Colleague: 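Next up is a structure, given as structure tokens.
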Amino acid sequence: MFAFLEAFFIQYGYAAVFAVLVACGFGVPIPEDITLVTGGVISGLGYTNVHIMVAVGMLGVLVGDGCMFAAGRIWGHKILQFKPIARIMTPKRYAQVQEKFDKYGNWVLFAARFLPGLRTPIYITAGISRKVSYWRFIMMDGLAALISVPVWIYLGEYGANNIDWLMMKVHGFQSGLMIFIGLAVVVLLWFWWRKRRRIQFYRTKLQEMRTKRKAARAERKARQN
């Protein structure tokens, strides 16, 4: 995959990188991180400017992601009947994504950029739900892209002359990223559990106070009678 992308990008430059990233957003099974790293590699080899490549990378991922979000928002649940989308968005996966939105809200959009298998389904679901505005989607997705896009492209540029070392670092980054996301999910779940416990505590106390007030009123009425 890397060799093919490298040859393709060298021949067609920024336009090829942009097109492949948009295709990644549509769920085409091309690794986005490898695409970005390869864009960095051809910059390191002198075929393109690395800073322009970062801008092209940002634009490509945001356009690809935005198209999936817009499709869900425009067509709603009807888009799930479209066969290419139905292959990506199975009923089970759709239910899983909805559950994550219920638990974590808009932060799921931020985390989706680092979850290749769930990225497209999450963006489509966000659009279908109509609970997320275009601006909020761009903001959350853009914040995540500001982390992932420069990291992969500059890493590719740095290791352009030592591909074996570069691929080792890419796999290391991927593993580290998954560990980081796992820890982040654990922390979020802990905060969510604490918040739920606190809410439950206050609800219980409120119910006790209401019960006591009702009992006091009933006692006063009994005395008056």
Side-chain angles (χ1 to χ4, degrees), residues 1-69 88 104 107-123 137-188:
M1 179 62 73
F2 171 80
F4 168 78
L5 289 175
E6 183 182 20
F8 182 53
F9 292 171
I10 287 174
Q11 185 172 1
Y12 297 104
Y14 301 116
V17 176
F18 176 80
V20 172
L21 288 171
V22 172
C24 290
F26 277 79
V28 175
I30 300 175
E32 187 179 275
D33 48 4
I34 297 299
T35 302
L36 292 168
V37 167
T38 308
V41 167
I42 67 168
S43 295
L45 296 176
Y47 292 98
T48 56
N49 179 281
V50 70
H51 306 303
I52 296 176
M53 185 61 73
V54 170
V56 171
M58 287 289 298
L59 185 61
V61 299
L62 290 177
V63 169
D65 297 345
C67 286
M68 290 293 93
F69 174 79
I88 301 171
Y104 309 118
W107 283 105
V108 173
L109 297 173
F110 179 87
R113 172 125 304 282
F114 308 102
L115 301 171
L118 290 174
R119 186 183 299 144
T120 299
I122 286 173
Y123 295 152
F137 172 79
I138 292 297
M139 181 182 72
M140 300 303 292
D141 191 36
L143 283 173
L146 281 173
I147 298 172
S148 64
V149 172
V151 165
W152 291 124
I153 290 179
Y154 286 123
L155 178 65
E157 183 212 19
Y158 184 77
N161 294 310
N162 191 342
I163 300 302
D164 291 336
W165 174 89
L166 178 61
M167 290 297 104
M168 181 181 70
K169 290 298 180 184
V170 168
H171 294 312
F173 268 112
Q174 289 172 331
S175 300
L177 186 59
M178 294 307 296
I179 292 172
F180 172 78
I181 291 172
L183 291 174
V185 168
V186 170
V187 171
L188 286 173

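This one's a predicted model, so the numbers in the text were calculated from it and none came from an experiment. The figures here come from the full heavy-atom set of this structure, side chains too, leaving out hydrogens, waters and symmetry mates.
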Colleague: Not counting sequence neighbours, list each pair that qualifies as a salt bridge (Lys or Arg N to Asp or Glu O under 4.0 Å) and has a residue in residues 142-158.
Modeller: none

Colleague: Nearest 0.5 angstrom please: I42 CD1 to T48 OG1, how far?
Modeller: 4.0 Å

Colleague: Taking only residues two or more places apart in sequence or in another chain, which ones pass ring pair (Phe, Tyr, Trp, His ring centres under 6.0 Å) with F9?
Modeller: none

Colleague: Do L109 and M139 touch side chain to side chain, with heavy atoms closer than 4.5 Å?
Modeller: no

Colleague: Check the pair Y123 / D141 against side chain to side chain contact (heavy atoms under 4.5 Å, CB included), numbers first and verdict last.
Modeller: CA-CA 9 Å; Y123 295 152; D141 191 36; 2.8 Å; yes

Colleague: State, to 0.1 Å, how close V54 and P150 come at their nearest heavy-atom pair, and which atoms those are.
Modeller: CG1-CG, 4.2 Å

Colleague: With sequence neighbours excluded, tell me which residues meet side chain to side chain contact (heavy atoms under 4.5 Å, CB included) with A144.
Modeller: F110, R113, F114

Colleague: Can you tell me how far CD1 of I153 sits from CG of D33, rounded to the nearest 0.5 angstrom?
Modeller: 12.0 Å

Colleague: Suppose the criterion is salt bridge (Lys or Arg N to Asp or Glu O under 4.0 Å): which pairs have a residue in residues 18-27, not counting sequence neighbours?
Modeller: none

Colleague: Of all the heavy-atom pairs spanning A160 and L45, show the shortest one and how long it is.
Modeller: O-CD2, 4.0 Å

Colleague: Which residues satisfy the salt bridge (Lys or Arg N to Asp or Glu O under 4.0 Å) test with R119, sequence neighbours excluded?
Modeller: E32

Colleague: Can you name the residues that form a side chain to side chain contact (heavy atoms under 4.5 Å, CB included) with V63, not counting sequence neighbours?
Modeller: F18, V22, L59, C67

Colleague: Using the side chain to side chain donor-acceptor pair (under 3.5 Å) criterion, which residues pair with T120? Sequence neighbours excluded.
Modeller: none

Colleague: Does Y14 have any side chain to side chain donor-acceptor pair (under 3.5 Å) partners at least two apart in sequence or in another chain, and if so, which?
Modeller: none

Colleague: Considering all heavy atoms of both residues, which atom of V61 and which atom of A145 are nearest to each other, and what is their separation?
Modeller: CG2-CB, 4.0 Å

Colleague: Which residues pass the ring pair (Phe, Tyr, Trp, His ring centres under 6.0 Å) test with Y12, sequence neighbours left out?
Modeller: F8

Colleague: Scan for side chain to side chain donor-acceptor pair (under 3.5 Å) pairs involving residues 49-62, sequence neighbours excluded, and state none if there are none.
Modeller: H51-Y154

Colleague: Applying side chain to side chain contact (heavy atoms under 4.5 Å, CB included) to L155 and L36, what does each step give before you reach the verdict?
Modeller: CA-CA 9 Å; L155 178 65; L36 292 168; over 6 Å; no

Colleague: Using the test side chain to side chain donor-acceptor pair (under 3.5 Å), find all partners of S148 that sit at least two apart in sequence or belong to another chain.
Modeller: none

Colleague: Going by ring pair (Phe, Tyr, Trp, His ring centres under 6.0 Å), name the residues that satisfy it together with Y47, two or more places apart in sequence or in a different chain.
Modeller: none

Colleague: Which heavy atom of C24 sits nearest to which heavy atom of I30, and what is that distance?
Modeller: SG-O, 3.2 Å

Colleague: Which value, rounded to the nearest 0.5 Å, describes the distance between I10 atom CD1 and T38 atom OG1?
Modeller: 10.0 Å

Colleague: Considering all heavy atoms of both residues, which atom of D65 and which atom of F137 are nearest to each other, and what is their separation?
Modeller: O-CZ, 3.6 Å

Colleague: Does the side chain of V28 come within less than 4.5 Å of V20's, by heavy atoms?
Modeller: no

